[in-house]
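Just so you know, residue 1 is the first one in the sequence shown, and it goes up from there. As the structure lists them, so they are numbered: ligands from 1, and atoms in each ligand from 1. Everything numeric here is computed off the predicted structure, so don't read it as measured data.
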Amino acid sequence: MIPGLANPSIGFPFPINDWILIAMKILVTGGAGFIGSNFIRLLLQEKPQWVVVNFDKLTYCGNLENLKDIQGEKRYRFVHGDIANKQAVDTLLAEDHFDAIINFAAESHVDRSILDPSPFMRTNIEGTMVLLEGANKYQIKKFVQVSTDEVYGSISRGSFSELSNLSSGSPYSASKAAADLLCLAYWNTYKTPVSITRCTNNYGPYQFPEKLIPLAISNVLEGKAIPVYGDGLNVRDWIYVEDHCRGLLAVLEKGKPGEVYNIAGSSEKTNLDIVQTLLKQLGKKQDMIEFVKDRPGHDRRYSLDDRKIRKELSWKPLYNFDEAIKLTVNWYSENESWWQRIRTGEYLKYYEKMYLSR
Ligand code: NAD
Ligand code: TYD
């Protein structure tokens with residue numbers, strides 16, 4: 001069997017759409033964060049012949065503890081570095097021959113992008129460009145850009161399809177939209193084989209406790225109130241992180257270059273629904289909810305139509321919200337030391353700035 005050619009019966013050269021990868025070497029950027037670490041774990045489990053290099057800058061939310069259980073795995077290696085550093089990316093790509101790149105590396109929190117947008121522009125836009133340049137120079141066969149439903153902006157009725165216009169509402173989503181446009185421009189201009197995924201809000205193990213669900217659970221476990229922005233009626237569509245990662249794997253293996261794939265959880269909830277569910281699961285009273293000043297420019301509702309990935313790549317979520325939110329609450333309850341180590345020092349300064357002044 002030829003490494004990298006999974007279906008030899010197709011013959012070579014084979015159409016890139018029919019690509020099914022075997023014995024692949026994958027560069028995962030931002031793999032020490034929430035979704036990236038869950039993805040690496042899933043990939044090593046589902047693809048016993050694949051090898052993974054995790055390239056991560058270890059910003060405030062990058063945490064090697066998220067991958068502690070796989071540190072001894074021979075098919076996994078960590079490299080400390082910044083995707084916006086051209087020299088570092090070039091050195092990495094020159095040393096190792098990668099078949100594919102999947103880019104998770106990002107500044108990912110809307111509230112932080114409101115406080116200071118500049119790191120978002122550097123990592124999310126410039127960093128993506130550096131990776132695309134590297135993909136061209138080293139003839140990478142597949143590039144997956146992990147993007148977000150937030151690039152479409154808010155929608156009052158119906159759902160966005162992959163053909164909908166981009167209309168970002170925050171500096172974070174504007175930086176992700178710019179990166180998406182760059183990826184499509186590289187496909188159009190250089191035929192860089194990029195596929196883009198746009199997913200809804202994730203939840204599950206190892207999410208940094210500045211995002212709604214882990215923040216709410218850890219606050220309650222510490223006896224603190226849950227801050228709910230505005231009237232609490234903003235709607236997000238929630239997906240369990242493992243389902244997102246399975247969608248990403250499907251796109252990595254079978255996604256077409258130049259195409260966008262929406263990935264949805266099909267579980268739209270108001271923020272109030274979410275925190276009420278969490279309080280119920282934790283056996284606490286609803287008076288732990290504290291309404292605070294709204295986020296500026298707060299998008300009202302996100303909603304995706306994901307029929308394309310379901311039809312073309314045979315993906316669908318395996319978890320329903322009720323069971324996966326229980327798994328999530330249990331995980332944070334059983335792994336207090338993980339989030340308690342985070343909720344010190346810098347985190348407390350951020351928390352104070354964000355909430356105590358609201
Ligand atoms: P995260 O903030 O938990 O992790 C981001 C990771 O990227 C961290 O490990 C960080 O150290 C690393 N990183 C940041 N800047 C870097 C740089 N310049 N070079 C190398 N590494 C760098 O984010 P996440 O929630 O895991 O999100 C991962 C990706 O998925 C992001 O691109 C985000 O836009 C996208 N996404 C997230 C969600 C969600 O609900 N969390 C939904 C849809 C899409
Ligand atoms: P968040 O987890 O920050 O994700 P995003 O802004 O990318 O959707 O927030 C999810 C929703 O919860 C969003 O509408 C903002 C709201 N929210 C609160 O009400 N309180 C909080 O403390 C946080 C962090 C978010």
Peer 1: Considering non-hydrogen atoms of the protein only, which is the closest contact for atom 2 (O) of ligand 2, and what is the distance?
Peer 2: L212 N, 2.9 Å

Peer 1: Starting from atom 22 (O) of ligand 2, find the nearest protein heavy-atom neighbour and note its residue, name and distance.
Peer 2: Y355 OH, 2.9 Å

Peer 1: Using the ring centroid of each side chain, check whether Y261 and W315 are separated by less than 6.0 Å.
Peer 2: no

Peer 1: Check each atom of ligand 1 against the heavy atoms of G30 and keep those under 4.0 Å away; list them by number with element.
Peer 2: 6 (C), 7 (O), 9 (O), 12 (C)

Peer 1: Taking the minimum heavy-atom distance to atom 38 (C) of ligand 1, which of T148, I35, D149 ranks first?
Peer 2: I35

Peer 1: Write out the residue and atom name of the closest protein heavy atom to atom 3 (O) of ligand 2, then the distance separating them to 0.1 Å.
Peer 2: R295 NH2, 3.0 Å

Peer 1: With a 3.5 Å distance limit and no angle check, can you tell me whether S168 reaches the backbone of S170 through a side-chain donor-acceptor pair?
Peer 2: no

Peer 1: Judged by non-hydrogen atoms, does F208 sit under 4.0 Å from ligand 1?
Peer 2: no

Peer 1: N201 to ligand 2: N or O pair under 3.5 Å?
Peer 2: yes

Peer 1: Which atoms of ligand 1 sit under 4.0 Å from any heavy atom of S108?
Peer 2: 1 (P), 2 (O), 23 (O)

Peer 1: Counting only heavy atoms, which portion of Y172 has something under 4.0 Å from ligand 2: side chain, backbone, both, or neither?
Peer 2: neither

Peer 1: Can you classify the ring geometry of Y351 versus Y355 as parallel (below 30°), tilted (30 to 60°) or perpendicular (above 60°)?
Peer 2: tilted

Peer 1: Polar contacts were defined as any N/O atom of the residue lying under 3.5 Å from an N/O atom of the ligand; does this apply to F55 and ligand 1?
Peer 2: no

Peer 1: Hey, does A84 come in under 3.5 Å of ligand 1, counting only N/O atoms on both sides?
Peer 2: no

Peer 1: Just need the protein heavy atom nearest to atom 7 (O) of ligand 2, so name the residue and atom and give the distance.
Peer 2: E150 OE2, 2.5 Å

Peer 1: Is the shortest side-chain N to carboxylate O distance from D231 to R300 below 4.0 Å?
Peer 2: yes

Peer 1: Identify the protein heavy atom lying closest to atom 25 (C) of ligand 2, giving its residue, its atom name and the separation to 0.1 Å.
Peer 2: Y229 CE1, 3.6 Å

Peer 1: List the steps, then state whether side-chain contact (heavy atoms from CB on, under 4.5 Å) holds for L44 with I40.
Peer 2: CA-CA 6 Å; L44 291 171; I40 290 174; 3.9 Å; yes

Peer 1: I'd like to know if D82 and K57 make a salt bridge, using a cut-off of under 4.0 Å between side-chain N and carboxylate O.
Peer 2: yes

Peer 1: So does D96 pair up with R77, basic N to acidic O under 4.0 Å?
Peer 2: yes

Peer 1: I need the single residue from D180, T128, N103 that forms a side chain to side chain donor-acceptor pair (under 3.5 Å) with S147. Which is it?
Peer 2: D180

Peer 1: Of the listed options (A179, C199, G62, G36), which comes nearest to atom 43 (C) of ligand 1 when hydrogens are ignored and any heavy atom counts?
Peer 2: C199

Peer 1: Verify, without hydrogens or angle tests, whether R198 (side chain) and L304 (backbone) share a donor-acceptor contact under 3.5 angstrom.
Peer 2: no

Peer 1: Check for me whether G127 has a heavy atom closer than 4.0 Å to any atom of ligand 1.
Peer 2: no

Peer 1: N/O of E210 under 3.5 Å from N/O of ligand 2, yes or no?
Peer 2: no

Peer 1: Of all the non-hydrogen atoms in the protein, which one sits nearest to atom 20 (N) of ligand 2, and at what distance?
Peer 2: P227 O, 2.8 Å

Peer 1: Counting only heavy atoms closer than 4.0 Å, does ligand 2 sit against the backbone of I226, its side chain, both, or neither?
Peer 2: neither

Peer 1: Counting N and O atoms only, with roles assigned by atom type, does the side chain of N202 sit under 3.5 Å from a partner on the main chain of I239, one being a donor and the other an acceptor?
Peer 2: no

Peer 1: If you measure from the Lys or Arg side-chain nitrogens to the Asp or Glu carboxylate oxygens, is any gap between D99 and K141 under 4.0 Å?
Peer 2: yes

Peer 1: Counting each atom of ligand 2 from 1 as listed, which ones have a heavy atom of L215 under 4.0 Å away?
Peer 2: 22 (O)

Peer 1: Pairs of nitrogen or oxygen atoms closer than 3.5 Å, one from D111 and one from ligand 2: do any exist?
Peer 2: no

Peer 1: Would you call the rings of F104 and F39 parallel, tilted or perpendicular, taking 30° and 60° as the class edges?
Peer 2: tilted

Peer 1: Indicate yes or no: does an N/O atom of V228 lie under 3.5 Å from an N/O atom of ligand 2?
Peer 2: no

Peer 1: Is there a heavy atom of Y203 sitting under 4.0 angstrom from any atom of ligand 1?
Peer 2: no

Peer 1: Yes or no: does N63 have any heavy atom under 4.0 Å from an atom of ligand 1?
Peer 2: no

Peer 1: Report yes or no: does S147 have a heavy atom closer than 4.0 Å to ligand 1?
Peer 2: yes

Peer 1: Tell me if a side-chain donor or acceptor on D299 pairs with a main-chain N or O of R301 at a distance below 3.5 Å.
Peer 2: no

Peer 1: Write out the residue and atom name of the closest protein heavy atom to atom 16 (C) of ligand 2, then the distance separating them to 0.1 Å.
Peer 2: N271 ND2, 3.4 Å

Peer 1: So which of H298, R112, M354 gets nearest to atom 13 (C) of ligand 2, if we judge by its closest heavy atom?
Peer 2: H298

Peer 1: Under a 4.0 Å heavy-atom limit, does N124 contact ligand 1 with its side chain, its backbone, both, or neither?
Peer 2: neither

Peer 1: Run down the list F104, Y172, Y60 and name the one with the heavy atom closest to atom 34 (O) of ligand 1.
Peer 2: Y172

Peer 1: Could you tell me if the ring centre of Y203 sits under 6.0 Å from that of Y240?
Peer 2: yes

Peer 1: Can the ring centres of F208 and F34 be said to be less than 6.0 Å apart?
Peer 2: no

Peer 1: Are any non-hydrogen side-chain atoms of E336 and L221 less than 4.5 angstrom apart?
Peer 2: yes

Peer 1: Between E65 and R341, does at least one N-O distance fall below 4.0 Å, as a salt bridge requires?
Peer 2: yes

Peer 1: Could you tell me which non-hydrogen atom of A32 sits nearest to which non-hydrogen atom of L64, and how far apart they are?
Peer 2: CB-CD2, 4.2 Å

Peer 1: Please report whether ligand 1 has a polar contact with N201, defined as an N or O pair separated by less than 3.5 Å (distance criterion only).
Peer 2: no

Peer 1: Could you say whether the N/O atoms of K176 and ligand 1 ever approach to under 3.5 Å?
Peer 2: yes

Peer 1: Is there a polar contact between ligand 1 and E107, counting only N or O atoms under 3.5 Å apart?
Peer 2: no

Peer 1: Mind checking whether Y350 and Y347 have parallel, tilted or perpendicular rings, split at 30° and 60°?
Peer 2: tilted

Peer 1: What do you reckon, does G31 put a non-hydrogen atom under 4.0 Å from ligand 1?
Peer 2: no

Peer 1: Give a yes or no answer on whether the side chain of W339 reaches the backbone of P209 with a donor-acceptor pair at less than 3.5 Å.
Peer 2: no

Peer 1: For C61, counting its heavy atoms only, list the atoms of ligand 1 lying under 4.0 Å from any of them.
Peer 2: 1 (P), 2 (O), 4 (O), 8 (C)

Peer 1: Can a non-hydrogen atom of T29 be found less than 4.0 Å from any atom of ligand 1?
Peer 2: no

Peer 1: Would you say ligand 1 has an N or O under 3.5 Å from any N or O of D82?
Peer 2: yes

